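Working notes, structure below.
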Amino acid sequence: MNPSKITATLPAKPAAVPVHGADGSVATLCLDLDTSKALQGVVDNDARRLGELLENCGIRYVADFSPSGGRHLYIPLAERMSGPEARELVEAMTLLAPSLDPSPHQNVTDGCIRVPGSAHKAGGHQILTTPLTTAYDILRRRNHAIAVTALRLRLAPELQRARELKHRTAKMTVHGIRPAPFGGSQSPLRVLARTGLYDTAKYASPSEARMAVLNHFAACGWTLDQVRLELGGQFPGLAALYTNRDRQERLIDSEWAEACRWVQKREDQPTGRKAARINDTSPPEPTGGAIKVTSKAGVHQLVNDLENVLYAVLDHRLKECGREGLSLRLLLRAVLGYMRTMETDLLDVGCRTFATALGKHHGTVARLLPTLQKASDGILTKVSDARGRNADTYLIQLPQHFEQLARELSWRTGKIHGIRPVFRALGDVAALVYESIERGRLSPTTAAIVRSTNLSRTAVETALGAMSSYNMIERRHGLWRITAGTSLTALARRLGALDDAAEQISRHRMQRAAWHAWLDRNLVPELAEHEVEDPDVDLYWIPPSESELDLVGTLWRVA
């Protein structure tokens, strides 16, 4: 059956127009914000945020709303855009706006949209909100390619994340694994917090749904101020469950207090585990009688000295280990970062904890640690093997042959890191290049970065280009500087790196719970299935932070 032709006469019944032309290209980007995807409050918030994004990029658009509460934004293009390009751009915007339905641009043959003035199946018509004369002018003088390019630059993190999600989905499909819906983490509580939609079979009312999310925020170590901040940020669905702002302000304090009481009550419940030693061969708890205790100030000084040795000697030596050397360098940075955060020189840190700090598999860390001990030239010394719940224990010290070198060099400003969440998405090379700029005594040139990082010029230039496109760094008069206004935490969230870190933490928690249940099998009853794996309980959410250093500390404590 051939589709009806578009005429000057308004259709008498509900109708829509195709988005794509005969060749699959589009002349107008159509953003469909649907109340079936999220609550009305989320739809309105998404329309406002997307409108601000478009205006900041110099893009003019036409807007309307439907009787059902949905909203449409139309972006007329001076130059037609291919179907795949349009789809990629719209799918990237869905990562910013949970109510955005990308389906009109995902189907070249059947993708349609209702235009202003058309009849709605629920009764009434699609109402134009942009003044008629302004809308006519926008449709006549359409957006040029320069404005679309500016939009692409603004959406660079979302475009990168969308490509990775699509690649991951394709990889899972090849291996016969059913992929999650497009958009990243799709746990029930995350969907609820972002869209306001919840399972009515599980939660009888919006109040119960709100409390489920607030309970989990409290269990993950969030504060009330952080919750308030994200109600207007990444979790508009939770705010929409309060119906209006006045009701939110009236209830949020009491509901948060109730969530904190629930968490405290849960923590106070006895676990049934025995504190006694299993047998005579169990390692005794240290009493501290014969252990040399290093003061907190002494630990910080030790880390400063070890950083000097790392930059002056060990980075150059580990360069010879090839690709593995890159991971060894970052693992040593994670060791020093953990020392400074926990203020100790005796580390009994498990492979999964280091894996969280590096964004790698715990099996990779288990393989790297013995190699790092040998390559550290006496800095790392293993003093006890792992047993039961206890991990391998390493003593970190400054060997005598490095003492003179460490104290001749001046200490560097700032703190050392393993992998900050944003570099899970950007890669190890980018982490080392960023560190070279951030902790350099002077703003470096590209050649200076190549020398200080011991990486190839091609790899360094690629990393510089990627970070520059995300506005993390900028080049002035041939020198590279950190862009002060760019939040690495916010960028990590846009790239999906925070979700990946939270999912890794949750996975490690479930693995530890299963391992502890196996260890305790002959001592106490086994853990129930819901205690080992409960999606609503074990999915960890990293508390937001304005300071990247605070966020890294949070990752350590959680891991």
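Source: prediction; values computed, not measured.
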Worksheet entry | For Leu326, the option from Asn454, Thr453, Leu432 that meets side chain to side chain contact (heavy atoms under 4.5 Å, CB included) | Leu432

Fill in: Salt bridge present between Glu55 and Arg60 (N-O < 4.0 angstrom)
no

Discussion item. I'd like to know if Glu88 pairs up with Arg152 as an ion pair, taking the criterion as any Lys NZ or Arg NE/NH1/NH2 lying under 4.0 Å from an Asp or Glu carboxylate oxygen.
Written reply: yes

Worksheet item: Can Arg493 and Asp499 be counted as an ion pair, charged N to O under 4.0 angstrom?
Response: no

Worksheet item: Between Tyr470 and Pro157, which heavy-atom pair has the shortest distance, and what is it?
Response: CE2-N, 3.5 Å

Worksheet item: How long is the gap from CE on Met93 to CG on Leu53, to the nearest 0.5 Å?
Response: 7.0 Å

Item to complete: Mark yes or no for whether Thr364, through its side chain, and Lys360, through its backbone, hold a donor-acceptor pair below 3.5 Å.
Response: no

Worksheet entry | Check ion pair Asp32-Arg71 (N to O, under 4.0 angstrom) | no

Practice prompt. Side-chain contact test, heavy atoms from C-beta onward, threshold under 4.5 Å: evaluate it for Ile473 versus Tyr434 and give yes or no.
Written response: yes

Discussion item. Can you tell me how the ring of Trp222 sits relative to the ring of Phe217, calling it parallel under 30°, perpendicular over 60° and tilted otherwise?
Written reply: parallel

Fill in: Cationic N near anionic O, under 4.0 Å, Arg329 to Asp315
yes

Discussion item. One thing to verify: whether Arg87 and Glu91 come together as a salt bridge, which I'm taking to mean a side-chain N less than 4.0 angstrom from a carboxylate O.
Written reply: yes

Worksheet entry | Ionic contact status for Glu52 with Arg48, cut-off 4.0 Å | yes

Worksheet item: Is a salt bridge present between Glu474 and Arg481, judged by a nitrogen-to-oxygen distance below 4.0 Å?
Response: no

Fill in: Interatomic distance, Leu491 atom CG to Met467 atom CE [nearest 0.5 angstrom]
11.0 Å

Practice prompt. Go through the structure and list residues passing side chain to side chain contact (heavy atoms under 4.5 Å, CB included) with Pro236, not counting sequence neighbours.
Written response: Val42, Asn45

